Amino acid sequence: MSLRAVKGMKDILPDEISKWHRLERAFRECAETYGFREARFPIVEPTALFVRSIGETTDIVEKEMYTFTDRGDKSLTLRPEATASAVRAYVQHSVQGREPVTKWYYVGPMYRRERPAKGRYRQFYQAGIEVFGDPGPYIDAEVIDMVVGFIASLGIAEVEVLINSIGGPETRSKYTAALLAYLEPHQDGFCPDCQRRMGANPLRVLDCKVPRCAEIAANAPSMLKHLTDDDRAHFDELQATLTTLGTPYRVDGSLVRGLDYYTRTLFEVLGKGEGLGAQNALLGGGRYDEMVKSFGGPDTPAIGFAVGLDRLLLAMPEVESESHVDVFVIAAQPTVRAEAALLGRELRGTGLRVESDLRGGSLKSQLRRADKMNTRIALILGESEVAAGAVQVKDLREKTQQTVFRKEAAKRVHEILDTPVG
RNA sequence: GUGGGUGUAGCUCAGUGGUAGAGCACUGGAUUGUGGCUCCGGUGGUCGCGGGUUCAAUUCCCGUCACUCACCCCA
């Protein structure tokens, strides 16, 4: 087979789709319970949108984006995440003029050209929320509490919530200076990446997994000790609120995200169950109070997160899937296939999901198909039934069968299924 | 980008230097128009691709591609 799906991009076939539906429905319901409304953004955006928001020196921008030039010589990029688009849309449509606080959610595919692994694909799916106009910290806690509740509602029990604060611009510049002062004497011991990061974004050195770098980073001055009074108060109040809400969390002073736009609150949820492989970060998020302003909008605080749906799916427990068909209509002889099609249409009109096999096979094979589909009811229509204006209603689970008038068939089926006649 | 593992039927996998097998799935029958269980039969494979060694390669060797896991990165 020479034509295959692009590396790292997968087809989702019907056998898997019910799990996706369940996951997406649960997310929408949860978000809407908290007053969020769905927004949809383009998958393709100007490249500059991501370069400016995510950061020029991040891995995403440096080596993972699907960037191409369109026929008008514009540089476009398949979105690697959705927050930048949300901010762009918020500013572009002057949403701040309509309401003081804006709560949006989104669901959709994102694109990053990484080496595929379990739970990491080049086209992957994220669901996320963004809140504009509330400086926190109470909304921060509520958002974290909401997403933890969402994950729990999926039956994913073992998770760990990490939080941190990297402060605002003032904290950041003071801390960066202190960090550089500490790091510079060790510079020669760093991996090449970190040597580069020191100039571009020293915070990310703290996040390096190379043993030697991690060792040096472990003794670096603590960011949390450098928070300004305001940043400190914000972080303390966040923790107090989480405690009030009963959301378990752990402060991890080394938690740093791979996107440059974050300020103050940062959080991440790790899954611990089997099946996730090494990609155990289920969700990540934080506050980005400077981004709206930097895109030319009003000075607007914001917070959001994105959950990786592919990973949630891996962590979700299996549930038995129900049949996608209520009734299987069977033509006992090939001569009554047109009548069977008509009967099927009558039933669908009452809201039933109806399948049939109109190829003209044996009654036995059609019943076998009904059974394979785990269908509750089979309606059997043969020449004698058509002549009598009747139909056989067979309950495949209870193994009972009765003859009813054809015009009573739909009603009888709904009685057995205990569903309202639509 | 770096390393490891695996490529044989639609799926999960066995196997052999003499061009292939099981289970499941699909399908027909046992039961003129009645499913699930059982029994019997059938369809289905250039053994990933290219090259080398050999009388002979699905098997051994090399290369390549794909998939996968890990590092890394992150959701």
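Naming convention: chains lettered A, B, ... in sequence-line order (proteins, then strands); numbering from 1 in each chain. None of the values given here were measured: they were computed from a predicted structure.
For the C1' atoms, the distance from B:A25 to B:C11 is 7 Å, rounded to whole Å. Nucleotides B:U38 and B:U16 are separated by 31 Å at their P atoms, to the nearest Å. Comparing B:U46 with B:G52, their P atoms are spaced 23 Å from each other, to the whole Å. Nucleotides B:C49 and B:U58 have their P atoms positioned 9 Å apart, rounded to a whole Å. Nucleotides B:C13 and B:C69, compared at atom P, are 13 Å apart to the nearest Å. Nucleotides B:G29 and B:A66 place their C1' atoms 41 Å apart, quoted to the nearest Å. Nucleotides B:G23 and B:G18 are separated by 28 Å at their C1' atoms, to the nearest Å. Separating the P atom of B:A22 from that of B:U64 is a span of 36 Å, rounded to the nearest Å.
Residue contacts shown for A:L282 are limited to sugar-phosphate atoms, with no base heavy atom under 4.0 Å away. Nucleic acid contact for A:A117: sugar-phosphate only, since backbone atoms but no base atoms lie under 4.0 Å from a heavy atom of the residue. At the heavy-atom level, A:L396 lies under 4.0 Å from base atoms of the strands shown. Residue-level contact check: A:I60 touches neither bases nor backbone, having no heavy atom under 4.0 Å from any strand. Contact annotation for A:Q366: no contact, since no heavy-atom pair falls under 4.0 Å across all strands. The residue A:E64 sits close only to the backbone: its heavy atoms come under 4.0 Å of sugar-phosphate atoms, none of a base. Within the nucleic acid shown, A:G128 has no heavy atom closer than 4.0 Å to any nucleic acid atom. Contact annotation for A:K399: base contact, defined as any heavy-atom pair under 4.0 Å involving a base atom. Nucleic acid contact class of A:E62 (heavy atoms, under 4.0 Å, all strands): none. Contact annotation for A:F328: no contact, since no heavy-atom pair falls under 4.0 Å across all strands. Residue contacts shown for A:Q333 include a base, since a base heavy atom lies under 4.0 Å away.
Taking atom CD of residue A:E130 and atom C1' of nucleotide B:A75, one finds them 13 Å apart after rounding to whole Å. Taking atom CZ on A:R368 and atom P on B:U27, their separation rounds to 7 Å, with Å as the unit. The nearest whole Å value for the distance from the CG atom in A:D357 to the C1' atom in B:U34 is 15 Å. A straight line from NZ of A:K118 to P of B:G5 spans 19 Å, rounded to a whole angstrom. In this structure, A:F267 atom CZ and B:C74 atom P are separated by 16 Å, rounded to whole Å. Rounded to whole Å, atom P of B:C74 lies 13 Å from atom CG of A:N280. Distance CD1 (A:I377) to C1' (B:G35): 15 Å, rounded to an integer number of Å. Counting to the nearest Å, the C1' atom of B:U2 and the NZ atom of A:K63 are 12 Å from each other.
Comparing B:G28, B:G36, B:U34 by their nearest atom to the side chain of A:S365 picks out B:G28. Out of B:G33, B:U27, B:C26, the shortest distance to the side chain of A:K372 is found at B:C26. Looking at the side chain of A:R311, the nearest of the listed nucleotides B:U34, B:A75, B:G35 is B:A75. Picking from B:A75, B:G36, B:A70 the nucleotide with the shortest atom distance to the side chain of A:A281 gives B:A75. Set against B:U27, B:G35, B:A75, the side chain of A:R359 has B:U27 as its closest nucleotide. Picking from B:C74, B:U34, B:C71 the nucleotide with the shortest atom distance to the side chain of A:R120 gives B:C71. With B:G29, B:C74, B:U68 as the candidates, the nucleotide lying closest to the side chain of A:R115 is B:U68.
Figure legend. B:G45 is base-paired to no nucleotide; pairs are counted as Watson-Crick or G-U wobble with both atom distances under 3.5 Å. The base-pairing partner of B:G50, taking Watson-Crick or G-U wobble contacts with both distances under 3.5 Å, is B:C62. Pairing for B:U68 goes to B:G4, judged as Watson-Crick or G-U wobble with the two contacts each under 3.5 Å. With a 3.5 Å ceiling on both atom-pair distances, the Watson-Crick or G-U wobble partner of B:A22 is B:U12. When both pairing distances are held under 3.5 Å, B:A57 makes no Watson-Crick or G-U pair with any nucleotide shown. Figure legend. B:G28 is base-paired to B:C40; pairs are counted as Watson-Crick or G-U wobble with both atom distances under 3.5 Å. As the counterpart of B:G35, no nucleotide is assigned, since no Watson-Crick or G-U wobble pattern has both distances under 3.5 Å.
You won't find any donor-acceptor pair under 3.5 Å spanning the side chain of A:K364 and the base of B:U34, going by distance alone. The base of B:G33 sits within donor-acceptor range of the side chain of A:S384, with an N or O pair under 3.5 Å. For A:E114 against B:A75, a side-chain-to-base donor-acceptor contact under 3.5 Å is present. The base of B:G33 is not paired with the side chain of A:Q392 by any donor and acceptor separated by under 3.5 Å.
Using a cutoff of 4.0 Å between basic side-chain nitrogens and carboxylate oxygens, A:D326 and A:R376 are not scored as salt-bridged. Using a 4.0 Å cut-off between charged side-chain N and carboxylate O, A:R406 and A:E408 make no salt bridge. Salt-bridge annotation for A:E32 and A:R37: absent, with no side-chain N of the basic residue lying under 4.0 Å from a carboxylate O of the acidic one. A salt bridge does not link A:E16 to A:K19: none of the charged side-chain nitrogens sits closer than 4.0 Å to a carboxylate oxygen.
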If you apply the rule side-chain contact (heavy atoms from CB on, under 4.5 Å), what do you find for A:V391 with A:V386, and how did you get there?
CA-CA 7 Å; A:V391 61; A:V386 170; over 6 Å; no

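Annotation: cation-pi pair A:R52/A:F295 present, NZ/CZ under 6.0 Å from the ring centroid and within 45° of its normal. The cationic atom of A:K103 (NZ for Lys, CZ for Arg) does not lie both less than 6.0 Å from the six-membered ring centre of A:Y34 and within 45° of the ring axis.
Side chains of A:Q392 and A:E385: a donor on one and an acceptor on the other come within 3.5 Å.
Inter-residue side-chain proximity for A:L283 and A:F267 is flagged as met; some heavy-atom pair is nearer than 4.5 Å.
Nearest-nucleotide assignment on RNA chain B puts the 5′-proximal partner with A:R113, out of A:G361 and A:R113.
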